[in-house]
Amino acid sequence: MKITSTSCICPVLVCLCFVQRCYGTAHHSSIKVTRNQTKHIEGETEVHHRPKRGWVWNQFFVLEEHMGPDPQYVGKLHSNSDKGDGSVKYILTGEGAGTIFIIDDTTGDIHSTKSLDREQKTHYVLHAQAIDRRTNKPLEPESEFIIKVQDINDNAPKFTDGPYIVTVPEMSDMGTSVLQVTATDADDPTYGNSARVVYSILQGQPYFSVDPKTGVIRTALHNMDREAREHYSVVIQAKDMAGQVGGLSGSTTVNITLTDVNDNPPRFPQKHYQLYVPESAQVGSAVGKIKANDADTGSNADMTYSIINGDGMGIFSISTDKETREGILSLKKPLNYEKKKSYTLNIEGANTHLDFRFSHLGPFKDATMLKIIVGDVDEPPLFSMPSYVMEVYENAKIGTVVGTVLAQDPDSANSLVRYFINYNAEDDRFFNIDANTGTIKTTKVLDREETPWYNITVTASENDNPDLLSHVTVGIRVLDVNDNPPELAREYDIVVCENSKPGQVIHTISATDKDDFANGPRFNFFLDEHLPVNPNFTLKDNEAAAAPSPSGFVHAREMGACGPAMRKRFCPRLV
């Protein structure tokens, strides 16, 4: 392109672009463009006034996903120097030049040879140049322009985080927010409605709703009850093109679980219960269970049991098993069928964690009546005393009655009782017992000084059930009689000095007695009056008056003793 110095118009590379703004087949017609003038597709002509250069197109558009058999026409490059004689050569360089985009170097027409994806690349930057074919010199400076990939609605909305698992408390107010879901659309959000998403609910009505613009899911009913239905599967759809017909859509599932609140009181399945407890039940043992049902779960179903009244309050107690939520009935005192055959208890079960928002659904407790039947058990004979203590004098004749034990059948049958003494094989049997009366007698003569005390075990059994046995301890004290004379504590060999003064104590003698205190001390000491008197010595009794002091044998006489069998002789050697 050759410009004289007197020309006021600068050389210009003119780029023509035909843009299709609607979905369909593009139609291109032959358009003649003169300097400072652009031919629009609509057929309008607009004149641009500028002082130096012609107007230049700097951006082309190509429709993505073009599937036609021929290359897609993009636009046209044209230089002011092009007289239509083929002397101008158009060259295209930059992104995709020669591979994606080709140019007719004579006409300047640009075509796209491949189907393009806007979501992979939104535009291409290229450079155009016009050169003289003969001289191969540039006719004007290189010009940069952009080919923009025009979006079509070829991407459906997608939920990237689904499926969702969420919870919402039961009995929530209508409109309570559950979750906000978001769908993304890879189409161009700045062009048309291809990426404009609208939300709707496909499954889950009438329980839940979704905001079409924000995707916020809310409860749509009042007082949704977990005990009636706990799980919901809600399907949410996102549709582009603002929800219009022909738009693409995607969906996701939201699994919603109602969480529990304490909106159900405990309830006993029955208002009256009956429990059998044998009278042989051990104190402190568990004798039965009772349970109130609560439709709630977790801590909302926790409860505690108590006995609120009844004639068995002092006999029974109740505790709560936290794992099974059962009331455990235990025995506090022994049962006796013969004294009381039944008891009545009023038992209450009450929630421990209350939610005052639902107090109008209460009271959160319930009561029931429990009748306890005491079972009769064939019990062993019962002795009249837990133990016995009896006494018998030593030297008593064989067959002397020591005492009597008594046992009775506590049952209503009142079976006859038989008695016997438990002896080991090696034991000496000093006593026997009448099997029918329980009277204990001696079988040998007893000596208190040898064995002062006997412990024997008496067993009682029922005639009707000999396997039922009871045992009692009988302690037998042997009482003392005065059957032992006093004895000097030891033999005395007394030495006296020849220069001892008159009245001087030269020795002290003492005595012992095997009998107990009542039949032993105190003693009287005296010199045997039947022996010759020794005038050199006297014997003084600490408890009695002094007597003449004969020589010879010394007699000690016990207080209250009499007869020759009660005397012990001792011959002191007096020097």
Side-chain angles (χ1 to χ4, degrees), residues 161-181 204 206-209 216-234 253-273 275 284-310 312-313 316-332 345-370 372:
D161 296 330
Y164 301 85
I165 299 176
V166 293
T167 61
V168 64
E170 65 170 330
M171 309 301 287
S172 295
D173 294 335
M174 187 173 69
T176 299
S177 176
V178 178
L179 174 71
Q180 182 176 20
V181 295
Y207 307 102
F208 299 93
S209 64
V216 174
I217 302 172
R218 301 181 184 275
T219 58
L221 292 178
H222 285 290
N223 301 330
M224 295 176 66
D225 190 1
R226 184 196 68 84
E227 288 71 39
R229 181 176 176 182
E230 184 175 7
H231 302 288
Y232 297 83
S233 182
V234 179
T253 300
V254 182
N255 295 306
I256 302 174
T257 299
L258 300 183
T259 56
D260 188 57
V261 299
N262 191 8
D263 60 337
N264 290 280
R267 290 289 180 260
F268 286 101
Q270 301 172 208
K271 288 301 179 183
H272 297 86
Y273 290 89
L275 176 66
S285 64
V287 296
K289 298 179 180 179
I290 194 169
K291 185 176 183 179
N293 296 329
D294 194 316
D296 297 319
T297 61
S299 62
N300 294 320
D302 288 346
M303 66 185 75
T304 183
Y305 296 90
S306 59
I307 300 174
I308 53 179
N309 56 51
M313 290 185 67
F316 299 91
S317 64
I318 194 168
S319 60
T320 304
D321 187 322
K322 294 183 179 180
E323 295 296 327
T324 63
R325 298 189 178 97
E326 294 175 315
I328 310 300
L329 197 68
S330 300
L331 188 63
K332 291 173 60 178
L345 298 174
N346 288 317
I347 298 176
E348 180 182 84
N351 278 148
T352 54
H353 303 286
L354 300 181
D355 192 331
F356 293 103
R357 294 176 300 171
F358 307 104
S359 58
H360 62 283
L361 301 176
F364 284 80
K365 58 185 178 181
D366 195 23
T368 189
M369 186 179 74
L370 175 63
I372 299 172

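Contact detail for Met313 and Asn309: the closest heavy-atom pair is SD-CA, 3.3 Å. In plain terms, the two heavy atoms of Pro206 and Leu221 that are nearest each other are O-CG, 3.4 Å. Nearest heavy atom pair, residue Gly362 against residue Pro265, reads CA-CG, 4.4 Å. When all heavy atoms of Gly349 and Pro266 are compared, the closest pair comes out as O-CG, 3.6 Å. Counting all heavy atoms, side chain and backbone alike, Leu345 lies closest to Gly312 at CD2-C, 3.3 Å. Closest of all the heavy-atom pairs between Ser299 and His353 is O-CD2, 3.2 Å.
Leu354 is not listed as a side-chain neighbour of Ser359, based on a closest heavy-atom distance of 4.5 Å or more. For the pair Lys289 and Thr324, the minimum side-chain heavy-atom distance is 4.5 Å or more. Within the 4.5 Å cutoff, the side chain of Val234 has no heavy atoms near those of the Thr253 side chain. Using a 4.5 Å cut-off on side-chain heavy atoms (C-beta onward), Met171 and Thr176 make no contact. Counting heavy atoms from C-beta on, the side chains of Val216 and Gln180 come closer than 4.5 Å. In this structure, Lys291 and Tyr305 have side chains that are in contact, with non-hydrogen atoms separated by less than 4.5 Å.
Classified by interplanar angle (parallel below 30°, tilted 30° to 60°, perpendicular above 60°), the ring pair Tyr232/Tyr207 is tilted.
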**Report entry** Test log, rule side chain to side chain contact (heavy atoms under 4.5 Å, CB included), inputs Phe208 and Val254
**Finding:** CA-CA 11 Å; Phe208 299 93; Val254 182; over 6 Å; no
Requested in this report: Let me see the working for Ile372 and Leu329 under side chain to side chain contact (heavy atoms under 4.5 Å, CB included), right down to the final yes or no.
Outcome: CA-CA 11 Å; Ile372 299 172; Leu329 197 68; 3.7 Å; yes
Requested in this report: Apply the test side chain to side chain contact (heavy atoms under 4.5 Å, CB included) to residues Asn300 and Asn351: give CA-CA distance (whole Å), side-chain angles for both, the deciding distance (0.1 Å), then the verdict.
Outcome: CA-CA 7 Å; Asn300 294 320; Asn351 278 148; over 6 Å; no
**Report entry** Worked check of side chain to side chain contact (heavy atoms under 4.5 Å, CB included) between Val166 and Ile217
**Finding:** CA-CA 11 Å; Val166 293; Ile217 302 172; over 6 Å; no
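Residues that satisfy the salt bridge (charged side-chain N to carboxylate O under 4.0 Å, His left out) test with Asp302, not counting sequence neighbours, are Arg325. For Arg226, the salt bridge (charged side-chain N to carboxylate O under 4.0 Å, His left out) partners two or more places apart in sequence, or in a different chain, are Glu230, Asp260.
Atom CD1 of Ile347 sits about 11.0 Å away from atom CE of Met369, to the nearest 0.5 Å. For the atom pair Ile318 CD1 and Lys332 NZ, the distance stands at 12.5 Å (nearest 0.5 Å). Within the model, atoms CG of Asn262 and OG1 of Thr297 stand 10.0 Å from one another, a figure rounded to the nearest 0.5 Å. Lys322 NZ to Met303 CE: the interatomic distance, rounded to the nearest 0.5 Å, is 14.0 Å. Taking CZ of Phe364 as the reference point, atom CG of Asp294 lies at 8.5 Å (rounded to 0.5 Å). With values rounded to the nearest 0.5 angstrom, Asp263 atom CG is found 9.0 Å from His360 atom NE2.
For residues 164-175, the set of pairs meeting the side chain to side chain donor-acceptor pair (under 3.5 Å) definition, not counting sequence neighbours, is empty.
The neighbour count for His222 NE2, taken as heavy atoms of other residues, nucleotides or ligands under 6.0 Å away, does not exceed 12. Within a 6.0 Å sphere centred on CG of Leu361, heavy atoms belonging to other residues, nucleotides or ligands number more than 12.
Remark: the backbone N or O of Gly175 is paired with a side-chain donor or acceptor of Thr219 at under 3.5 angstrom. Arg229 places a side-chain N or O within 3.5 Å of a backbone atom of His231 that can act as its donor or acceptor partner. Side-chain N or O atoms of Thr368 include one that pairs as donor or acceptor with a backbone N or O of Gln270 at under 3.5 Å.
In the model, Asp296 has a side-chain atom that pairs as donor or acceptor with a side-chain atom of Asn264 under 3.5 Å.
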